[in-house]
Every structure is written in structure tokens, then in C-alpha cells.
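A quick write-up on the structure given underneath.
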Amino acid sequence: MADTADISFNIKAHIQGTEKTLRVDQLETSDGAPYYSCFDKDQQLAEIRKEESNEWVQLWGELDQASLTSIGKAIEQKELAGN
């Protein structure tokens, strides 16, 4: 089942120590909570979301913690900038 993204944007994040430009699609769970599907070119790397504790967690994928943190911070900066 493929959801269509309401919001899609690009970020720069460090993935396994290499800076990459990723496409991020913002999606919503059935209860309306946002989560993010992250792509390097056309390859999906992960699905992540921010918990109420402000901690980024990986719902799907195999990113290391540093990569997950880098993506999360880049998404936060993008949101603060108003996309």
C-alpha cells in the first residue's frame, strides 16, 4: 500500500558519514501522526518519526543512530524554516 505524500522536500544529511541529499516524504499514520519516508535517489532508506519525547525513531530501515539523528535534525531545521 503506497501512501501519497502530502509534503515532499529535500534535506542534506550525513548517512554513514557521507553527506547526501535525500528526498523526504511526510506522511501520516491512521491516527494523524506524521512520519517521514526518506529516499536516496529512488531507493528508500528508512521511515522515521519523532516521538513525544522528541527522540527520532526508525520505523523501518537499517540506519545507524548517527544517520538517524542527522536526518531528524535536518527535518527539524526544514520545518523551522517553514519548508
Side-chain angles (χ1 to χ4, degrees):
M1 172 177 124
D3 290 322
T4 55
D6 293 329
I7 300 171
S8 185
F9 53 90
N10 292 326
I11 59 167
K12 288 193 184 296
H14 286 86
I15 308 301
Q16 270 88 34
T18 302
E19 186 174 88
K20 294 184 179 260
T21 298
L22 304 179
R23 188 184 91 235
V24 178
D25 293 345
Q26 181 178 328
L27 306 162
E28 285 190 359
T29 61
S30 56
D31 63 0
Y35 70 99
Y36 303 88
S37 188
C38 306
F39 296 85
D40 181 12
K41 299 181 177 58
D42 288 330
Q43 179 182 1
Q44 186 175 15
L45 297 179
E47 288 184 354
I48 67 173
R49 78 168 178 212
K50 191 175 189 180
E51 296 290 310
E52 288 183 16
S53 63
N54 286 329
E55 181 181 354
W56 286 93
V57 296
Q58 190 164 207
L59 305 174
W60 177 88
E62 297 181 4
L63 294 176
D64 60 33
Q65 188 60 45
S67 300
L68 176 61
T69 300
S70 180
I71 291 171
K73 285 183 178 175
I75 290 172
E76 288 171 0
Q77 289 173 349
K78 194 76 171 175
E79 289 178 335
L80 287 173
N83 293 330

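Keep in mind that this is a model prediction, so the values were computed, not measured.
Applying the salt bridge (Lys or Arg N to Asp or Glu O under 4.0 Å) rule to D40 yields the partners K20; only residues at least two apart in sequence or on another chain are considered. Legend: residues meeting side chain to side chain donor-acceptor pair (under 3.5 Å) with D31, ordered by chain and number and at least two apart, are T29. Remark: E52 pairs with no residue by the side chain to side chain donor-acceptor pair (under 3.5 Å) rule, at least two apart or across chains.
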Are E79 and Q26 close enough, and set up right, to give a side chain to side chain contact (heavy atoms under 4.5 Å, CB included), and what steps lead you there?
-> CA-CA 11 Å; E79 289 178 335; Q26 181 178 328; 4.2 Å; yes
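Checked against the 6.0 Å centroid criterion, the rings of Y36 and W56 qualify as a close aromatic pair.
A distance-only check finds a donor-acceptor pair linking the side chain of T69 to the backbone of Q65 [under 3.5 Å]. Of the possible donor and acceptor atoms, none in the side chain of Q58 sits under 3.5 Å from a partner among the backbone N and O of L68.
When all heavy atoms of R23 and N10 are compared, the closest pair comes out as CA-OD1, 3.4 Å. Across F39 and D42, no two heavy atoms sit closer than the pair CD2-O, 4.2 Å. For G72 against I48, the heavy-atom pair with the smallest separation is N-CD1, 4.4 Å. Minimum heavy-atom separation, L45 to L22: CD1-CD2, 3.8 Å.
Using a cutoff of 4.0 Å between basic side-chain nitrogens and carboxylate oxygens, R49 and E51 are scored as salt-bridged.
The number of heavy-atom neighbours closer than 6.0 Å to CD of E19, taken from other residues, nucleotides and ligands shown, is above 12.
Using a 4.5 Å cut-off between side-chain heavy atoms of Ile, Leu, Val, Met, Phe, Trp and Tyr, with links allowed through other members, L63 and W60 fall into different hydrophobic clusters.
Considering OG of S67 and CD of E62, their distance stands at 12.0 Å, rounded to 0.5 Å. With rounding to the nearest 0.5 angstrom, the CD1 atom of I7 is 10.0 Å from the CG atom of L27. In this structure, the separation between CD1 on I11 and CD1 on I71 is 5.5 Å, given to the nearest 0.5 Å.
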